[in-house]
Amino acid sequence: MTSPLRRAVDSVRHAYRGSGADRPFGDPLPAHGVAMEGYFWRFTDPATGRVVIALDGINRADDGRWSTLGVAAHPSGFLRTTVHPAGHADETRFGVTSGSAFVGTSDTLHVDLGADARIDVEVRDAVPWPRRSVGGSSVFQSVPALNQYWHPWLLGGSAHGRAVVGNETWDLDGWSVYGEKNWGKGGFPDSWWWGQAQGFADPSVCVAFAGGEVTAGPLRTTVTALVVLLPGGRLVRLGDPVVSPVHADVTDERWSLRGRSARWSIEVEGAGSLASAHVLPVPLPRERRNVPGAIEHLGASMHVTVRRRGTVVWEGESNVAALEHGGIDRARAEVTRRGHGTHAVDAPPQG
């Protein structure tokens with residue numbers, strides 16, 4: 001291939017990936033360079049019912065990058081979020097850095113949002129996403145310029161370290177670990193729903209789903225992706241609109257999903273009290289500010305049934321599930337209802 005032709009091909013490849021898309025058998029873990037690249041970790045201990053989450057959104061404004069950072073915990077109700085003036089998402093491998101406040105790699109996480117909001121963890125025995133062909137967004141992974149993509153890259157592992165949440169210090173050794181990315185050209189969609197759970201009777205099981213309004217130019221549709229990592233390591237994923245559609249019925253307190261393909265069907269029922277939910281921020285990337293965006297339960301209940309050709313192959317329940325209902329207007333109304341000021345971007349549980 002001649003040098004000019006090689007440069008032209010490389011330019012097309014760069015522009016394609018810079019739109020947020022990844023070709024089949026591509027790697028969605030490196031950053032794409034879109035308006036928002038989000039990183040999320042969740043640590044769960046079903047024995048005590050404790051959960052800790054950490055998030056870092058790398059956002060692009062006209063004058064450079066900035067970060068949305070957060071740590072939250074259950075059942076203590078701890079919540080700390082902030083805007084950081086800088087941020088870097090690695091475009092060669094998985095990695096995110098927001099100064100010394102947040103540093104995450106594929107096997108370590110270090111967060112320092114103050115003396116009472118710290119996480120220092122190493123991840124061992126990682127269970128990565130097992131399919132090279134496509135990520136969590138499946139066929140939509142290859143569609144350029146979507147408003148949102150999703151990839152649950154870490155479906156299990158063992159944490160080793162500790163977390164400081166408020167006036168408590170938690171030993172995280174042996175806790176289950178989950179990690180995901182989401183990214184898009186305009187931040188978050190107008191409306192979305194999400195859930196994740198470990199803590200089932202079989203500790204190897206991991207369930208995750210993400211749905212919302214997907215747009216790209218004239219394309220506009222509602223899609224829900226649903227993933228279950230079964231005992232033994234088999235991954236079942238539903239959510240392709242034609243061959244394996246998932247229907248979601250969601251409120252602030254209940255999540256009901258039904259998905260089906262030619263061989264598999266999955267049912268998910270989740271519930272949580274609105275008063276016990278955190279309200280988390282989402283970024284407005286170009287404006288360099290956060291706004292209330294998501295009502296998220298960290299210790300909800302989730303019941304899952306997986307069938308193959310009509311026969312139940314696995315069924316389980318978790319009482320440390322995460323369930324989220326997203327939307328800026330909805331979240332802002334809940335922050336206001338809880339008595340916080342007009343400039344508040346988050347809110348801890350009420351009880």
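All values below come from the heavy atoms of this structure, side chains included, with hydrogens, waters and symmetry mates left out.
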Derivation and outcome, side-chain contact (heavy atoms from CB on, under 4.5 Å), residues Ser256 and His247: CA-CA 8 Å; Ser256 182; His247 173 74; over 6 Å; no
Presence of salt bridge, Asp62 and Arg286, under 4.0 angstrom: yes
From CA spacing to verdict: salt bridge (Lys or Arg N to Asp or Glu O under 4.0 Å), Glu180, Arg42: CA-CA 9 Å; Glu180 70 174 45; Arg42 188 167 188 262; over 6 Å; no
Audit row: Arg307, Thr305, side-chain contact (heavy atoms from CB on, under 4.5 Å) steps and yes/no: CA-CA 7 Å; Arg307 294 180 174 88; Thr305 304; 3.6 Å; yes
Pair His32 + Trp183: ring centers closer than 6.0 Å: yes
Gap between atom CZ of Arg258 and atom CG of Leu238 - 0.5 Å precision: 13.0 Å
Check against side-chain contact (heavy atoms from CB on, under 4.5 Å), Val279 and Val345: CA-CA 8 Å; Val279 181; Val345 301; over 6 Å; no
ILVMFWY cluster, Val205 and Leu323 together (side-chain gap under 4.5 Å): yes
Test: Asp27 and Arg132 ion pair at under 4.0 Å: no
Closest contact, heavy atoms only, Ala271 versus Arg254: CB-NH1, 3.8 Å
Phe40 side chain near Asp56 side chain, heavy-atom distance below 4.5 Å: no
Exam field: side chain Ser137 to backbone Phe140, donor-acceptor pair closer than 3.5 Å: no
Gly136 backbone acceptor or donor facing His151 side chain under 3.5 Å: yes
Residues, nucleotides or ligands: over 12 heavy atoms within 6.0 Å of Arg308 CZ: yes
Expected output: side-chain Lys181 to main-chain Gly38 donor-acceptor under 3.5 Å: no
Heavy-atom neighbours of Arg260 CZ exceed 12 at 6.0 Å: no
Verify same cluster id: Val134, Val214 (apolar side-chain graph, 4.5 Å): no
Contact summary for Pro28 and Gly26, nearest pair of heavy atoms: CD-O, 3.5 Å
Carboxylate-amine/guanidinium proximity below 4.0 Å for Arg60 and Glu37: no
Leu257 side, atom CG; Ile266 side, atom CD1 - distance, nearest 0.5 Å: 9.5 Å
Gly161 backbone acceptor or donor facing Asp173 side chain under 3.5 Å: yes
Main-chain N/O of Val143 paired to Tyr149 side chain as donor or acceptor, under 3.5 Å: yes
Shortest non-hydrogen contact between Arg50 and Glu168, atoms and distance: NH2-OE1, 4.0 Å
Shared hydrophobic cluster, Leu69 / Leu298 (ILVMFWY, side-chain heavy atoms < 4.5 Å): no
Note, Tyr16 side chain near Arg23 side chain (heavy atom, < 4.5 Å): yes
Over 12 foreign heavy atoms within 6.0 Å of CZ, Arg162: no
Pair Phe94 + Trp153: ring centers closer than 6.0 Å: yes
Modelled atom types, side-chain donor and acceptor of Trp255 and Glu269, under 3.5 Å: no
Any side-chain heavy-atom pair of Ser318 and Gln198 under 4.5 Å: no
Joint hydrophobic cluster, Leu230 plus Met302, side-chain heavy atoms closer than 4.5 Å: yes
Arg118/Asp112 salt bridge by N-O under 4.0 Å criterion: yes
Mutual orientation of the aromatic rings belonging to Trp41 and Tyr39 [parallel < 30°, tilted 30-60°, perpendicular > 60°]: parallel
Partner of Asp346 by side-chain hydrogen bond (donor to acceptor under 3.5 Å, both in side chains), out of Asn290, Thr82, Thr81: Thr81
Distance-only donor-acceptor check, side chains Asp240 and Ser138, under 3.5 Å: yes
Side-chain donor/acceptor of Ser98 to backbone N/O of Ser67, under 3.5 Å: no
Parallel, tilted or perpendicular: rings of Trp170 and Trp175 (30°, 60°): tilted
Rounded distance [0.5 Å steps], CD in Glu122 versus OG1 in Thr108: 8.0 Å
Within-4.5 Å side-chain heavy-atom neighbours: Asn182 and Gln148: yes
Where Arg17 and Pro30 come nearest, the two heavy atoms and their spacing: NH2-O, 3.0 Å
Residues Glu315 and His303: side-chain donor-acceptor under 3.5 angstrom: yes
Test side chain to side chain donor-acceptor pair (under 3.5 Å) applied to Ser142 and Asp22, step by step: CA-CA 5 Å; Ser142 301; Asp22 290 288; over 6 Å; no
hydrophobic_cluster_shared for Val250 and Val207, side chain cutoff 4.5 Å: yes
Rounded distance (nearest 0.5 Å) linking atom OG1 of Thr169 with atom CG of Asp171: 10.0 Å
Under 3.5 Å: donor-acceptor pair, side chain of Thr97, backbone of Gly99: no
Student check: side-chain heavy atoms of Val223 and Pro241 closer than 4.5 Å: yes
Sub-4.5 Å side-chain heavy-atom contact between Leu154 and Val177: yes
Side-chain touch Phe43/Val51, heavy atoms, less than 4.5 angstrom: no
Main-chain N/O of Leu113 paired to Arg80 side chain as donor or acceptor, under 3.5 Å: yes
Whether Asp252 side chain and Glu334 backbone form a donor-acceptor pair below 3.5 Å: no
Donor-acceptor contact below 3.5 Å, side chain Arg131 vs main chain Leu235: yes
Modelled atom types, side-chain donor and acceptor of Trp192 and Glu324, under 3.5 Å: yes
Side chains of Val236 and Val227 in contact at under 4.5 Å (non-hydrogen atoms): no
Distance, nearest 0.5 Å, that separates OH of Tyr178 from CG of Leu155: 7.0 Å
His88 and Arg65: CA distance, side-chain angles, deciding distance, side-chain contact (heavy atoms from CB on, under 4.5 Å) verdict: CA-CA 7 Å; His88 173 73; Arg65 305 284 179 176; over 6 Å; no
Euclidean distance, Leu280 CG relative to Leu79 CG, rounded to 0.5 Å: 6.5 Å
Residue pair Pro231 / Ser204: nearest heavy atoms and the distance that separates them: CA-OG, 3.7 Å
For the student: nearest non-hydrogen atoms of Phe200 and Gly316, plus distance: CD2-C, 3.7 Å
